[in-house]
Amino acid sequence: MDYKEIDGKWQKAWQDARIFESDVNGKESYLVTVAFPYVNAPLHIGHVRTYGTADVLARYKRMRGFNVLFPMAFHATGTPILAFAKRLRNGDTELVSELKLFHIADQEIAQMTDPKYIASYFVKEIETGMHRAGLSVDWRRKFVSTDPFFSKFVEWQFGILNRKGYIVKGKHPVGWCPNENQAVGMHDTKKDAEPDIEKETTIKFKVEGEDAYFICTTFRPETVFGVTNLFVNRNSDYIACKINGEGTYYISKQAAANLKYQLNIEQVGEELKGYELLDKKCRNPLTDIIIPLLNGFFVKEGFGTGVVMSVPAHAPFDYMAVEKNKAAGVATEIKPIVVLEIPEKEPLTESKVADIPAEKYIRMFETEGSEDETLEKATKQQYKDESHYGKMIIEGYKGMSEPEAREKISKELVASKKAFELYILANAPVKCRCGYDVVVKVVDDQWFLNYGNPEWKALAKEAFSGINVLPEKLRKTFEAAIDWIDLRAVARAQGLGTPFPLEKEKIIESLSDSTIYMSFYTVSNMLRDVEIEKLKPELFDYIFLGKGDLGLVADSTGIDFQVVKRCKESFDYWYRNMSRHSGADLIFNHLTMYIFNHAAIFGKANWPKQIVVNGNVLSEGEKMSKSIGNIVPLVDGVEKYGTDVIRTLVIASADLFSDSEFSEVSARGVDERFRYLYEIASKIDAMESGELRHMDYWMYSKLNRKIKTATSQVERLELRGMSTGVIYDSVLELKKYLSRGEPNGIVVRDYISNIVLMMSPIAPHVSEELWHLMGNTTLASVEKWPTPDESMISDKVEGEEELLESIIADSKQITALMTKSAKKAKAIKLIVADDWKRKMLNELCKSKNVGDLMGKLNAENGTAEFGLDASGKEKAVKYAQQLAKKVNTLRSVSSTQEDEYRLLDESKGYLSSMLGCPVTVEVESKSTSQRSANAAPLRPSIDILS
RNA sequence: GCAGGGGUGGCAGAGCUUGGCCAAAUGCGACGGGCUUAGGACCCGUUUCCUUUGUGGAUGCAAGAGUUCAAAUCUCUUCCCCUGCACCA
């Protein structure tokens with residue numbers, strides 16, 4: 001079996017037969033869509049997870065008789081391919097080596113300085129990859145999100161959103177590169193660091209004897225009560241400035257440069273060195289205490305305002321800096337002021353300096369490297385503990401938790417104009433790819449989609465209530481996402497895409513332009529050739545919303561009447577029974593926006609029905625990443641291992657939402673099982689067929705049970721469980737069956753045929769090959785999914801097999817014990833329990849009443865009921881006592897002594913061969929063995945003769 | 001911090017919704033045996049501890065407590081891990 005050959009063979013067969021090209025017909029429709037790929041890289045095996053999972057559902061539904069449409073398009077809007085082209089223009093070697101990993105030729109790379117070329121190259125590349133992955137896509141409908149005819153559709157969508165009042169304008173902070181003068185997101189920074197923008201309180205400290213203030217940005221405004229001094233960096237440059245035209249404030253020069261993107265800053269007077277500020281005194285705005293300025297060795301001029309309020313009791317850096325000043329004889333009178341305590345810890349007293357919380361934390365981490373590292377760790381731990389357990393001890397806030405106090409004090413300070421709010425880059429410094437430090441800019445003319453609009457939110461919730469989520473446990477996550485999503489910036493200054501209708505110089509942000517594109521698949525093949533200017537809003541109103549009149553719309557747009565009619569029919573037909581697929585990373589953005597936008601635009605009949613979210617793929621136990629270099633390009637994977645081996649591992653080796661794992665070893669495991677099935681399938685013709693015997697019934701029982709469970713599993717896309725049953729367990733069952741004597745050809749054929757059909761959605765190429773190997777001429781991909789024959793599912797037959805297994809296991813344990821004492825088993829006698837035991841067991845199992853039973857047995861002739869004469873009383877009581885011990889766990893038995901005897905007698909040969917010595921069977925009442933009394937129903941006594 | 005998801009045997013990973021056939025599927029690894037010139041592949045067996053006629057017992061599913069005749073499974077508490085927190089695809 002050569003994977004490469006069969007992959008190509010069947011992919012061509014499917015294509016020639018056009019079985020994946022779907023149009024409106026009389027059958028029930030089913031539409032499967034996946035988050036379309038972004039065209040800046042070729043596919044790797046990780047992509048097979050999402051696309052393959054969707055493909056499995058598409059293939060399964062097809063086999064269930066649905067008219068299935070699985071379309072695909074490409075995403076090219078936004079900034080990444082622009083950035084890509086730019087990086088290549090700048091000769092970025094890192095990017096070039098990534099591309100080489102995917103075997104992209106040098107002359108191709110050379111042309112990729114043009115964004116258009118990048119898009120067209122990867123569109124082709126990805127489509128080829130998807131073919132090779134065996135995806136059952138209708139390629140006639142493909143489009144690219146930058147196609148003009150798709151832009152028309154997006155414009156129409158935004159017209160509706162605007163009319164509904166869901167688009168608003170406002171202020172917004174963004175990461176900003178002062179050098180390139182543009183917003184920077186994660187993809188624009190070195191090390192892909194997301195600029196972490198936080199809104200923090202900035203507190204004003206009035207300077208004594210001057211009409212001026214120092215301002216300090218702090219994460220912990222509640223500690224303002226513990227401020228003993230301020231810090232500046234004695235070597236940094238400072239300026240006095242007006243902010244937004246008012247007051248006089250001292251901040252560092254660097255801070256002024258950073259903050260000018262969110263405040264209007266105007267320098268007044270000369271520059272000052274930090275040390276020139278050290279003789280100034282300030283007033284704590286809440287306690288009115290006069291505090292000095294000190295040099296802070298750790299103060300970074302570019303962070304916040306370049307001035308830091310010092311809380312030595314609660315900040316290790318502050319504590320250390322105060323100590324250093326004291327050691328130099330400066331401000332020796334400063335005493336840390338504790339503002340919050342962690343209960344259950346020893347109360348702090350002024351006399352014991354070691355009890356200053358910050359000092360304690362420093363001691364805790366003293367041995368961990370450099371001073372900075374110690375302080376870093378101590379700070380982190382102290383903030384964490386105090387925020388978690390800390391209770392305020394300051395009058396007016398006593399007993400409040402830290403977060404509560406922080407919130408309250410910040411609000412009060414801001415309300416009384418003793419502080420204002422400022423955005424800061426919490427994870428500074430973040431470097432733009434150009435090398436400059438990123439700053440926060442507040443843009444005041446930003447357009448937003450207002451997902452916080454209560455009316456829209458309510459609509460989205462209503463839509464969500466009708467959506468089936470797989471896996472079910474993600475429901476709560478979606479509910480949280482719908483509640484959480486608020487304003488979302490929707491227009492960008494640059495990038496590819498559709499111009500924003502309310503401000504044409506801007507571009508619609510690229511996640512916002514692809515929230516309802518799945519509906520476009522229903523008409524994309526018919527609208528592609530229509531002239532762009534004919535694609536007017538009324539056309540889309542008619543097709544997607546049923547507004548207007550067919551004839552009028554055809555007239556006003558100039559589009560052929562039949563085309564408009566077919567578009568509307570197509571949308572109505574396809575856009576009702578559908579499943580949407582993506583990876584987990586899209587829950588909080590794309591999928592949530594998908595719900596909102598459908599709720600806003602479409603009628604209820606066309607709202608989403610199902611959302612499926614899958615996990616990622618690990619390669620050899622690790623996340624695939626460029627830096628580890630463990631990315632397996634899709635083409636390499638299918639060449640080396642075969643498409644279906646990759647598919648099976650990536651799609652079906654883990655639960656839907658867990659990460660699946662690709663590795664050499666597991667690839668071998670799948671390969672072996674495929675080959676085993678192939679081997680057996682190829683021998684079927686040589687097998688004789690005959691009447692059904694015990695093992696044949698067992699096989700049918702297993703098979704039909706498997707069909708039943710696999711069907712319900714694939715409905716919920718529990719593909720791991722499904723593939724374990726269909727691919728792994730079936731091999732074990734076949735081996736067991738074949739080891740038990742001559743196989744029955746008809747049984748093996750039935751068994752494998754059904755297995756092959758059930759494997760088909762996951763491993764379509766191998767299934768197709770096996771299907772034809774067994775003499776079929778149809779395509780397995782469009783065969784009917786098996787239905788279980790309930791009458792063939794037999795607990796009795798399977799139970800009998802389990803009985804044999806347990807006899808073998810028990811006997812082995814016993815013979816093993818005997819071996820220790822140098823005894824050897826010569827023969828094994830199995831003694832089958834009498835029917836009176838079954839009767840007693842079943843009765844007790846039902847009544848659970850030991851007392852009753854004992855009473856009965858002790859009565860005159862009480863044993864007669866169980867078919868025993870008076871002499872049997874003793875053993876009856878003994879057995880009843882045994883049962884009594886575990887009366888609550890008893891299970892009734894349905895087989896009779898005769899059934900059990902027959903089974904064991906028929907299986908003597910098998911048991912003998914498994915146990916390595918002759919096995920005989922007898923019934924309890926006729927047995928002379930001392931152990932005969934131990935016999936219990938479904939638990940024959942095992943007498944090993946040595 | 002907030003929100004969501006988790007913690008199972010050497011490892012990976014089922015089981016948990018609906019408590020009892022659960023010392024816990026399956027795979028990998030390890031060990032023993034077979035096959036082989038040898039290795040690989042393949043086949044058989046073992047893989048918590050105790051138990052020398054025995055089909056049993058003990059411990060056990062993050063930790064602790066509870067409910068129950070019965071808990072990996074239900075409840076509570078604690079600890080730990082992962083993911084997301086946006087304007088970015």
Side-chain angles (χ1 to χ4, degrees), chain A residues 35 38 40 75 77-81 83 172-175 183-188 192 194-197 383-384 387-388 402-403 406 446 448-449 451 471-481 483-492 495 509-512 514 584-590 592 618 621 653-655 657-659 661 663 665-666 668-670 672 676 718 720-721 724-725 728-729 732 735 739 799 802 806-807 809-823 825 848 886-891 914 930-931 934-936 938-946:
Chain A
Y38 194 82
N40 65 346
H75 198 195
T77 51
T79 51
I81 53 175
H172 185 65
V174 293
V184 290
M186 191 166 81
H187 299 283
D188 311 310
D192 282 350
E194 179 74 49
D196 183 6
I197 297 167
Y383 279 20
K384 196 177 160 188
S387 157
H388 218 119
E402 190 273 343
R406 187 199 318 165
Q446 178 61 270
F448 296 96
L449 276 172
Y451 292 111
E472 178 65 25
K473 68 179 174 189
L474 285 182
R475 258 207 111 70
K476 282 185 191 161
T477 308
F478 273 101
E479 280 163 6
D483 272 330
W484 159 88
I485 194 169
D486 196 12
L487 293 175
R488 183 179 175 96
V490 68
R492 297 202 83 194
E509 180 272 323
S510 62
L511 280 180
S512 302
S514 43
D585 51 335
L586 297 185
I587 296 175
F588 278 82
N589 41 58
H590 168 71
T592 302
L618 303 177
S653 74
D655 277 355
F657 195 61
S658 308
D659 290 346
E661 160 125 5
S663 68
V665 206
S666 42
R668 208 170 62 214
V670 174
E672 278 161 16
Y676 182 82
E718 290 171 1
R720 181 195 168 91
T724 307
Y728 287 77
D729 292 348
L732 292 178
K735 284 182 180 175
S739 75
E802 281 163 28
S806 73
I807 289 172
D810 288 341
S811 305
K812 279 189 172 167
Q813 193 200 355
I814 298 165
T815 47
L817 287 173
M818 287 170 64
T819 314
K820 279 193 187 171
S821 59
K823 289 186 197 168
K848 306 271 184 217
K886 34 186 176 176
V887 64
N888 284 305
T889 56
L890 293 179
R891 304 177 64 84
M914 292 304 287
Q930 286 181 328
R931 316 204 168 273
N934 289 341
L938 292 183
R939 202 137 216 212
S941 175
I942 302 168
D943 193 0
I944 300 181
L945 312 167
S946 57

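Quick note on labels: first sequence line is chain A, next is B, and so on, each numbered from 1.
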What pairs of nitrogen or oxygen atoms, one from the protein and one from nucleotides 7-12 of chain B, lie under 3.5 Å apart?
none

At under 4.0 Å between heavy atoms, what does [X] touch on the DNA or RNA strands: base, sugar-phosphate, or nothing?
| X | result |
| --- | --- |
| A:Asp486 | base |
| A:Asp483 | nothing |
| A:His75 | sugar-phosphate |
| A:Leu474 | nothing |

Among the candidates [options], find the nucleotide nearest to the side-chain atoms of [X].
| X | options | answer |
| --- | --- | --- |
| A:Lys473 | B:A89, B:C87, B:G5 | B:G5 |
| A:Trp484 | B:C85, B:G4, B:A14 | B:C85 |
| A:Pro80 | B:U26, B:A89, B:U55 | B:A89 |
| A:Asp655 | B:A89, B:U26, B:A14 | B:A14 |
| A:Val665 | B:A89, B:U26, B:G29 | B:G29 |

Query raised in the report: Rounded to the nearest 0.5 Å, how far does CG of A:Leu511 lie from CG of A:Leu586?
Result: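 Rounded to the nearest 0.5 Å, the CG-CG separation comes out at 7.5 Å.
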Specify the separation, in whole Å, of atom [atom1] of [X] and atom [atom2] of [N].
| X | N | atom1 | atom2 | result |
| --- | --- | --- | --- | --- |
| A:Phe588 | B:C82 | CZ | C1' | 14 Å |
| A:Asp810 | B:G56 | CG | P | 7 Å |
| A:Ile942 | B:G56 | CD1 | C1' | 12 Å |
| A:Tyr728 | B:G13 | OH | P | 14 Å |
| A:Glu479 | B:G84 | CD | C1' | 17 Å |
| A:Leu449 | B:C88 | CG | P | 14 Å |
| A:Asp659 | B:C82 | CG | P | 13 Å |
| A:Leu586 | B:C87 | CG | P | 16 Å |

Look through every strand shown and name the nucleotide pairing with [N] as Watson-Crick or G-U wobble, where both distances are under 3.5 Å.
| N | value |
| --- | --- |
| B:A3 | B:U83 |
| B:C88 | none |
| B:U46 | B:A30 |
| B:G64 | B:C76 |

**Report entry** side-chain N/O A:Ser510 vs B:A89 OP1/OP2, d < 4.0 Å
**Finding:**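 Checking B:A89 against A:Ser510, a side-chain N or O does come within under 4.0 Å of OP1 or OP2.
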Report task. Check whether any side-chain nitrogen or oxygen of A:Thr77 sits under 4.0 Å from OP1 or OP2 of B:A89, and answer yes or no. Result ->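 Looking at the OP1 and OP2 atoms of B:A89, neither is under 4.0 Å from any side-chain N or O of A:Thr77.
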Separation of the [atom1] atoms in [N] and [M], to the nearest angstrom:
| N | M | atom1 | answer |
| --- | --- | --- | --- |
| B:A25 | B:G10 | P | 14 Å |
| B:A24 | B:A72 | C1' | 8 Å |
| B:G5 | B:C88 | C1' | 23 Å |
| B:C28 | B:A41 | P | 11 Å |
| B:U67 | B:G19 | C1' | 11 Å |

Using a cutoff of under 3.5 Å, can you pull out all pairs of nitrogen or oxygen atoms linking the protein to nucleotides 30-34 of chain B, with atom names and distances?
none

What are the atom names and distances for every N/O pair under 3.5 Å that joins the protein to nucleotides 38-45 of chain B?
residue : atom : partner  : partner atom : Å
B:C42   : OP1  : A:Glu672 : OE1          : 2.9
B:C42   : OP1  : A:Glu672 : OE2          : 2.5
B:C43   : OP1  : A:Lys735 : NZ           : 2.5

Query raised in the report: So, does the side chain of A:Ser806 form a donor-acceptor pair with the base of B:U55 at under 3.5 Å?
Result: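 Not at all, since no donor on one side and acceptor on the other fall under 3.5 Å apart.
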Requested in this report: Could you tell me whether a side-chain N or O of A:His75 sits under 3.5 Å from a main-chain N or O of A:Ser510, the two making a donor and an acceptor?
Outcome: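 A pair under 3.5 Å: yes.
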Report task. Look at the side chain of A:Thr592 and the backbone N and O of A:Ile587, then say whether any donor-acceptor pair between them is shorter than 3.5 Å. Result ->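 Here the side-chain-to-backbone pair exists.
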Report task. Walk me through it: do A:Leu938 and A:Glu802 pass the test side-chain contact (heavy atoms from CB on, under 4.5 Å)? Result -> CA-CA 10 Å; A:Leu938 292 183; A:Glu802 281 163 28; over 6 Å; no
Query - Position toward the 5' end of RNA chain B (nearest nucleotide), A:Ser658 or A:Ser941 - result: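 Here A:Ser658 is the residue nearer the 5' end.
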Query - 4.5 Å side-chain heavy-atom contact, A:Asp655 and A:Pro471 - result: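 They are not in side-chain contact.
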